[in-house]
Amino acid sequence: DATVAALGECCKGGGQGCSSMVMVTLGTGVGGGIILGGKVISGFNYAGGELGHIVIEVDGVQCGCGRKGCWEAYSSATALIRMTTEKLEECKRRGHPTKMEELASAQGKVSGRTAFDGMRLGDAAATEVVNEYVEYLASGLASMVNIFQPEVLSIGGGISNEGQFLLDLLIPRVREMQ
């Protein structure tokens, strides 16, 4: 689906008129679509572009694929929810109230928005979660830029709904890491 998203962006979206772009989708996992020289790069077996499975943390968090430390385990919406939940549990153990707890309670669950909404409300714990998430996301995105040197790097998926708020945090970190 990320490859199709990349084709859509290349034909009618942010990559229109470009011959090289990388599309990263941030949802349940981290998907990738790569277009270089106007051609989809999918490997000899048509299974290439699994960008979420590059390792960014050796011996890190277990990924759904079975490996440890995959980018997906740190930068997917699933990872953000896990990080937020872990921070909420830590805050409860320490007796530190957090806006994230109020937000999660009001929504009936922890979502990919909980930490971002908490950060916007000035919550320190939420800010820690978002900054950690952005650091991992930026690390993977900087790798995509360094490897592929695309004209356009496009981000989609649920987390991209954070829009400019996310980009304002992310772009400076990606530039520093390149």
Side-chain angles (χ1 to χ4, degrees), residues 1-86 111-113 115-116 129-164 166-178:
D1 61 340
T3 299
V4 173
L7 282 169
E9 284 292 318
C10 198
C11 293
K12 297 287 184 184
Q16 193 170 5
C18 296
S19 64
S20 67
M21 70 167 294
V22 173
M23 174 84 191
V24 176
T25 57
L26 306 172
T28 303
V30 173
I34 307 160
I35 298 174
L36 297 176
K39 296 181 184 194
V40 173
I41 304 301
S42 59
F44 79 95
N45 60 355
Y46 305 102
E50 291 293 331
L51 303 180
H53 298 292
I54 62 166
V55 172
I56 62 168
E57 187 77 45
V58 175
D59 292 324
V61 172
Q62 183 82 38
C63 180
C65 75
R67 297 175 69 200
K68 290 186 176 181
C70 292
W71 188 26
E72 179 168 302
Y74 292 90
S75 295
S76 63
T78 305
L80 179 56
I81 291 167
R82 184 197 79 245
M83 293 162 68
T84 303
T85 302
E86 289 170 356
S111 73
R113 296 192 63 178
F116 279 98
V129 171
V130 171
N131 285 338
E132 180 182 11
Y133 176 80
V134 166
E135 192 72 13
Y136 284 119
L137 180 55
S139 176
L141 291 173
S143 293
M144 296 305 105
V145 171
N146 289 332
I147 293 166
F148 298 110
Q149 292 297 308
E151 294 171 82
V152 172
L153 178 60
S154 183
I155 301 172
I159 300 299
S160 70
N161 291 328
E162 290 298 327
Q164 197 61 49
L166 173 61
L167 293 177
D168 288 345
L169 298 168
L170 192 57
I171 290 170
R173 291 301 299 134
V174 171
R175 287 187 174 143
E176 287 174 16
M177 293 180 185
Q178 289 181 32

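The figures that follow rest on heavy atoms only: side chains count, while hydrogens, waters and symmetry mates do not. Counting begins at 1 with the first residue of the sequence.
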- Message: Could you check whether any side-chain N or O of T25 sits under 3.5 Å from a backbone N or O of A2, counting only pairs where one atom can act as donor and the other as acceptor?
- Response: no
With a cut-off of 6.0 Å (strictly less than), are more than 12 heavy atoms of other residues, nucleotides or ligands near CG of D1?
no
Q. Is there a side-chain contact between I34 and L51 (heavy atoms, below 4.5 Å)?
A. yes
So CG of L80 and OH of Y74: to nearest 0.5 Å the spacing works out to 14.0 Å
When every non-hydrogen atom of M21 is compared with those of S154, the smallest separation belongs to CE-CB, 3.7 Å
Side-chain touch P150/M144, heavy atoms, less than 4.5 angstrom: no
Closest heavy-atom pair, A142 versus M177, reported as atoms and distance to 0.1 Å, is CB-CB, 3.6 Å
Value for CD (E57) from NZ (K68), rounded to nearest 0.5 Å, stands at 12.0 Å
Scanning both residues in full, the closest heavy-atom pair of A115 with V129 reads CB-CG1, 3.7 Å
Check: Counting only heavy atoms not in D59, do more than 12 sit closer than 6.0 Å to its CG atom?
Finding: no
task: Report yes if some heavy atom in the side chain of L166 is under 4.5 Å from a heavy atom in the side chain of N161; otherwise report no.
output: no
Rounded to the nearest 0.5 angstrom, the CD1-CE distance for I35 and M23 is 10.0 Å
Tell me whether T78 contacts the main-chain N or O of T28 through its side chain, where contact means a donor paired with an acceptor under 3.5 Å. yes
Separation between CD1 (I155) and CG (L26), nearest 0.5 Å, reads 6.0 Å
Side chains of H53 and C63, heavy atoms from C-beta outward: is any pair under 4.5 Å? yes
Taking every heavy atom of L141 against every heavy atom of W71, the minimum-distance pair comes out as N-CZ2, 3.5 Å
- Item | Check: A73 main-chain N/O paired with R82 side-chain donor or acceptor under 3.5 Å | yes
All heavy atoms of S42 vs all of N45, minimum pair found to be O-OD1, 4.1 Å
Correct closest heavy-atom pair for I54 and S143 would be CD1-CB, 4.4 Å
In this structure, OG of S19 is separated from CD of E151 (nearest 0.5 Å) by 4.5 Å
Can you find a pair of side-chain heavy atoms, one from T84 and one from Y133, that are under 4.5 Å apart? no
Rounding to 0.5 Å, atoms CG (L169) and CD (E135) come to a distance of 11.0 Å
